[in-house]
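Note that this is a predicted model, so its numbers are computed, not measured. Just so you know, ligand 1 is whichever comes first in the structure, and atom 1 is the first atom listed for that ligand.
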Amino acid sequence: MRGKLITLEGIDGSGKSTVAKKLQKNHEIRAFEPIFTREPTRDTLTGNAVEKAIQSDTDQLAELFLFTADHAEHLAKLVKPALENGKTVISDRYSDSRYAYQGITLKNRIENPLEWVRSLHKGWTIVPDLTFLFDIEPEIAVERCGKRGEQTKFEKIEFLHGVRENFLRLASEEPERFIVVDASCSPENVEKTVVQKILEFVQRD
Ligand code: TMP
C-alpha cells in the first residue's frame, strides 16, 4: 500500500520547523518510522541553488523555477520512492509554500499567480494526504524571527499578510486535506495537537 504524505506549512516564524524537530523526537511518531524531510531540500544541487537565490536579489520568476526544480528532484529522489515503499513522509514545507509565497512574489508579473503556479504542478506533483497549516499573525511571527536573528527578504510583515491569506485560501478550498492549527498557542500545545492528529490519521486505515 502507498504510504501517506503529510506536510507542514505556514509563514516564516509560525513555529512549524520547531514542531517538525519535536516530531522527530516523539516516541509515538517514531514508532511508525516516518521519513522526515523538507523543502527547500538541504545539501542537494537544487536545494543549494534555492538557498543562494533566497539570499540574493534573484528574479522572482527564476526563483519560482528553482523552487519548482527542487520540488521535482525531491519528489523523484525521496518522496515518491518512500511512498511507494509504504512509508509515511512528513515534509516541512512542500508545494503549498510555492502557491502561497510565489503567489505573492509574482503578483505584479502574472495574472492570478497562485492559480498559475498551481497549474505548473498539475500532472506530476503528488498532492499531500494531510496538511497542517500553522496559522499566526505576521506581527507575532516576525517578532519570533527577529528574536532568532533570522531575517530573510521573505520576512516583511506586509508580504507575510499576503502569504498568510493565500495559505488560508488554499485551506478553505480543501478543508478535507488541511488542518489549520492556531500557532500562537504555546509550542507544547501546538505539538500535542499535531501529534494527536497525525496518530489519528495514520491509524485510520
Ligand atoms: P524555510 O525558512 O522553511 O527554510 O524556507 C525558506 C524560505 O523560502 C521561506 O521564506 C519560505 C520560502 N519558500 C518559498 O518562497 N517557496 C517555496 O516553494 C518554498 C518551499 C519556500
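- Around atom CG of L61, more than 12 heavy atoms belonging to other residues, nucleotides or ligands sit under 6.0 Å away.
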* R118 and H121: CA distance, side-chain angles, deciding distance, side chain to side chain contact (heavy atoms under 4.5 Å, CB included) verdict -> CA-CA 5 Å; R118 192 154 54 173; H121 287 68; 5.8 Å; no

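- Hydrophobic clustering of Ile, Leu, Val, Met, Phe, Trp and Tyr side chains at less than 4.5 Å, counting indirect connections, keeps W116 apart from W124.
- Ring pair F159/Y101 is tilted by interplanar angle, where 30° to 60° counts as tilted.
- Here CG of L199 is found 6.0 Å from CZ of F32. Values are rounded to the nearest 0.5 Å.
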* To do: Decide salt bridge (Lys or Arg N to Asp or Glu O under 4.0 Å) for E33 and K87; before the verdict, give the C-alpha distance in whole Å, the side-chain angles of both, and the deciding distance to 0.1 Å.
  => CA-CA 8 Å; E33 300 178 348; K87 289 278 184 195; 3.6 Å; yes

Less than 3.5 Å apart, N/O on ligand 1 and N/O on the protein: could you list those pairs with the distances?
residue  : atom   : partner : partner atom : Å
ligand 1 : 3 (O)  : R93     : NE           : 2.7
ligand 1 : 4 (O)  : R38     : NH2          : 2.9
ligand 1 : 5 (O)  : R93     : NE           : 3.4
ligand 1 : 10 (O) : D12     : OD1          : 3.2
ligand 1 : 10 (O) : D12     : OD2          : 2.7
ligand 1 : 15 (O) : Q102    : OE1          : 3.4
ligand 1 : 15 (O) : Q102    : NE2          : 3.1
ligand 1 : 16 (N) : Q102    : OE1          : 2.8
ligand 1 : 18 (O) : R98     : N            : 3.4
ligand 1 : 18 (O) : R98     : NH1          : 2.8

